[in-house]
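Residue numbers begin at 1 in each chain, while the letters A, B, ... track the order of the sequences.
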There are 2 protein chains.
Amino acid sequence: MTRPRSRRGGGRPTISDVARKAGVGAITVSRALREPERVSEELRRQIQAAVDELGYVPDPNARALASARAEVFGVLVPSLTNNVFAEVVRGIYDSLSASPFRIQLGNTHYSGLEEERLLQLFGSQRPAALIVAGIDQTPASRKLLESAGCPVVQVMETGPDPVDMMVGFSHLDGGRAATEHLIEAGYRRIGFIGARMDPRSQRRLAGYRAAMEAAGLFDPRLVTTTPVLSSVSLGREMFRDALAKVPTLDGVFCNNDDIALGVLFECHRASIAVPKTIGIVGFNDLDMMQVAFPSVTSIRTHRYEIGRRAVAMALAAIAGNRPEQRIVDLGFELKRRESTAR
Amino acid sequence: MTRPRSRRGGGRPTISDVARKAGVGAITVSRALREPERVSEELRRQIQAAVDELGYVPDPNARALASARAEVFGVLVPSLTNNVFAEVVRGIYDSLSASPFRIQLGNTHYSGLEEERLLQLFGSQRPAALIVAGIDQTPASRKLLESAGCPVVQVMETGPDPVDMMVGFSHLDGGRAATEHLIEAGYRRIGFIGARMDPRSQRRLAGYRAAMEAAGLFDPRLVTTTPVLSSVSLGREMFRDALAKVPTLDGVFCNNDDIALGVLFECHRASIAVPKTIGIVGFNDLDMMQVAFPSVTSIRTHRYEIGRRAVAMALAAIAGNRPEQRIVDLGFELKRRESTAR
DNA sequence: GGAGAAGATGGTAGCGCTACCAAATTGACG
DNA sequence: CGTCAATTTGGTAGCGCTACCATCTTCTCC
């Protein structure tokens with residue numbers, strides 16, 4: 001003689017409460033909520049009324065258990081505070097907020113091992129889709145992605161060999177464009193300053209190097225890098241190092257805008273004329289770059305749009321019409337500003 | 001004659017697979033995983049071996065359904081890209097990454113209605129705890145929080161009447177401290193520039209006003225605000241407006257560091273001497289403020305620590321020993337820098 | 001008008017896990 | 001040595017939902 005377990009859920013209405021109130025079967029309520037077109041107009045209305053009256057909200061856990069699919073997008077980024085990824089996440093979030101899908105965020109801290117751990121963890125939830133930053137997954141991570149059994153979108157980069165789909169742009173081309181711009185502007189001893197040399201930064205550096213070599217200007221002493229996390233203050237310090245190493249430096253292509261800003265401030269402090277004595281180019285084009293004095297040339301990237309696009313592609317794939325274009329290159333724009341206008 | 005539903009989960013091992021392999025009951029496996037101290041040393045080892053061999057990962061959905069409690073922290077912030085909240089989220093994330101709890105992030109976009117909607121949605125998951133930014137919830141939101149049946153931590157502010165627990169600091173005191181510092185430094189026509197006037201900014205403004213009135217310096221024309229989202233470029237524009245309105249302006253307390261940076265850049269551009277002609281104080285003390293030229297005085301707030309503390313309090317409450325101090329004031333620090341050193 | 005297709009609805013049996021109780025084992029103690 | 005409590009283990013019955021049929025109505029078409 002087992003009495004029912006007195007509503008563990010704390011008395012929240014369930015699908016059967018709704019069904020009883022609407023005078024239909026539970027399964028019909030379920031359908032009315034998920035595939036309204038398969039339920040008659042009339043029942044749909046009755047059910048909706050019952051839902052509203054009871055304040056019914058489906059339990060996503062029960063749903064996930066029964067359907068073996070959680071309404072969750074797993075999102076893996078290397079940093080939560082880096083504005084660049086925050087913008088991507090915002091794009092993902094905004095595109096998903098009108099859908100039933102939730103976001104499961106993972107911060108890899110730029111670590112391949114942590115990425116593996118998180119993918120393993122996310123897999124246990126059977127997410128509806130996975131969005132991961134970058135294309136340099138470890139072999140184990142790649143295997144996990146391939147066997148996830150859901151759409152996978154790699155974002156922020158493009159490359160020849162997507163796990164599934166890809167939205168991003170070429171960091172190598174971005175680095176090259178930035179460097180070529182400096183060369184065209186007449187700078188010659190152009191340094192590269194890069195912090196936190198993740199794969200994307202490596203490719204920007206490769207682009208820099210390609211441009212410099214093509215112009216016969218490359219000199220390894222011009223390159224200053226560190227694995228330390230990027231920050232404005234680090235930019236300042238690295239610029240001082242770079243200048244100490246190569247006093248004839250007349251331009252810098254920075255890994256990102258934080259570094260560029262640090263360089264700019266140090267120039268002010270040391271009374272180095274920008275763009276006359278030193279030209280500066282950043283990467284990502286944060287809002288403040290066009291406001292800075294002098295305004296700073298940068299490579300505008302479309303982070304928010306990348307997030308939106310990734311979601312759109314994943315949703316299409318979930319709906320069964322996988323986009324034929326599996327690799328989307330959203331490109332970048334060189335924003336010419338005062339910092340290189342000499 | 002119903003054949004079993006051929007493993008919807010795609011062949012992932014379940015708790016009974018582990019139980020069979022370890023030669024114990026399923027419930028013992030469950031216990032060994034959740035309350036190891038209640039299972040004998042020997043069985044624990046056997047079970048662990050079976051788990052490792054099969055690569056078993058518990059299904060969080062089934063777990064949540066059976067226990068009527070999801071291992072999820074609901075986190076509500078008004079913005080994902082504002083570095084301030086990103087830091088709080090990072091603190092929360094880092095403190096939770098070693099625990100079984102996941103994070104369910106919600107972006108309210110500074111909207112009370114959206115907050116209500118998200119709380120409603122989060123409630124359907126029966127989260128283990130809720131962390132929400134601010135103390136100005138709508139009555140409906142407050143009711144939802146009170147009836148959530150889990151620990152609730154309001155963060156970023158302090159106030160007299162927590163729903164449950166609270167970690168933050170006084171924005172009013174921060175605003176007052178910033179303004180008093182400007183007054184002590186000899187500035188008199190001190191403006192307030194504030195974008196996105198959310199409740200926290202309102203309180204900073206109230207602190208500014210209190211300090212100005214106490215010194216007999218308050219003048220409503222000194223206050224420039226807008227509901228528009230804050231940005232560096234907006235800071236620049238607002239400063240120009242403020243200066244046009246009050247040409248004798250000799251100092252500004254900015255809503256936040258983005259605005260302060262915009263003011264600083266505009267001063268450079270317009271050749272206004274900082275700190276000689278204009279003194280500038282920001283709020284939050286982002287890394288770049290100490291690197292800027294001149295470095296910018298700001299109110300250092302402890303965002304990361306707030307996130308960590310909120311999680312610590314929630315975890316303690318979940319474990320049954322609710323902290324006796326329900327309101328934690330982490331305070332702030334006035335960082336005096338060149339922008340007010342005249 | 002009847003056969004068959006198409007559409008609408010419902011019943012049953014789980015999804016993988018844990019709450020609740022029961023049972024078995026051990027130890028303590030008068 | 002028997003009683004009682006504490007400790008360890010397991011069985012049963014769901015949690016709230018949906019997949020998979022089965023059933024019942026229409027509707028179509030020859």
request  = Could you note down all residue pairs passing side chain to side chain donor-acceptor pair (under 3.5 Å) where residues 127-138 of chain A supplies at least one of them, sequence neighbours left out?
outcome  = A:E116-A:T138, A:D136-A:R203, A:Q137-A:Q154, A:T138-A:S141
inquiry  = Less than 4.0 angstrom between a side-chain N/O of B:T28 and OP1 or OP2 of D:dT9, yes or no?
reply    = no
query = Atom CD of B:E71 and atom C1' of C:dC17: how far apart are they, to the nearest Å?
reply = 12 Å
Phosphate-side-chain proximity, B:S30 and C:dC17, N/O vs OP1/OP2 below 4.0 Å = no
task = With sequence neighbours left out, write down each residue that passes side-chain contact (heavy atoms from CB on, under 4.5 Å) with A:N321, or none if nothing qualifies.
result = A:A316, A:A319
inquiry  = List the residues meeting salt bridge (charged side-chain N to carboxylate O under 4.0 Å, His left out) with A:E53, not counting sequence neighbours, and say none if there are none.
reply    = A:K21
query = In whole Å, what is the span from the CG atom of A:N61 to the C1' atom of D:dC17?
reply = 11 Å
query = Atom CZ of B:R126 and atom C1' of C:dT18: how far apart are they, to the nearest Å?
reply = 13 Å
inquiry  = Counting only heavy atoms and a strict 4.0 angstrom limit, can you tell me which residues of residues 40-57 of chain B come near DNA chain D?
reply    = B:S40, B:L43
task = Could you verify whether a donor N or O on one side chain and an acceptor N or O on the other, from B:S30 and B:R34, lie under 3.5 Å apart?
result = yes
query = Rounding to a whole Å, what distance do you find between A:E35:CD and C:dG7:C1'?
reply = 13 Å
key: Atom-pair distance (CD on B:E37; C1' on D:dT8), nearest Å   = 13 Å
request  = Could you state the atom-to-atom distance from CZ of B:R12 to P of C:dG16 in whole Å?
outcome  = 8 Å
request  = Could you pick out which residue, A:V29 or B:G25, lies toward the 5' side of DNA chain D when each is mapped onto its nearest nucleotide?
outcome  = B:G25
Partners passing side-chain contact (heavy atoms from CB on, under 4.5 Å) against A:S95 (at least two apart in sequence or in another chain) = A:R308, A:V311
task = Return the set of residues passing ring-ring contact (aromatic ring centres under 6.0 Å, His included) with A:F101 (not counting sequence neighbours), or none when no residue passes.
result = A:F73
query = Got a salt bridge between A:E157 and A:R200, using NZ or NE/NH1/NH2 to carboxylate O under 4.0 Å?
reply = yes
note = Atom CG of A:L65 and atom P of D:dA19 are separated, to the nearest Å, by 12 Å
ask   = Reckon A:R34 has a side-chain N or O less than 4.0 Å from the OP1 or OP2 of D:dT18?
value = yes
query = What residue pairs, at least two apart or across chains, pass salt bridge (charged side-chain N to carboxylate O under 4.0 Å, His left out) with a residue in residues 317-327 of chain A?
reply = A:D164-A:R322
message = Is the phosphate of C:dT18 approached by B:R63 (side-chain N or O, under 4.0 Å from OP1 or OP2)?
response = yes
remark   = Whole-Å distance, B:D59 CG to D:dC17 P, equals 16 Å
ask   = Between B:R38 and B:A62, which is nearer to the 5' end of DNA chain C once each is assigned its nearest nucleotide?
value = B:A62
Divergence of helical axes at both termini of the helix from C:dG1-D:dC30 to C:dG30-D:dC1 - five pairs an end, 10° steps = 30°
request  = State which of D:dG16, C:dG10, C:dA19 makes the closest approach to the side chain of B:I27.
outcome  = C:dA19
inquiry  = Side chain of A:A66, heavy atoms from C-beta onward: which of D:dT18, C:dT18, C:dG16 has the nearest atom to it?
reply    = D:dT18
inquiry  = A:R117: which residues meet the salt bridge (charged side-chain N to carboxylate O under 4.0 Å, His left out) condition with it, sequence neighbours left out?
reply    = A:E114
query = Can any side-chain N or O of B:Q125 pair as donor or acceptor with the backbone N or O of B:P127 at less than 3.5 Å?
reply = no
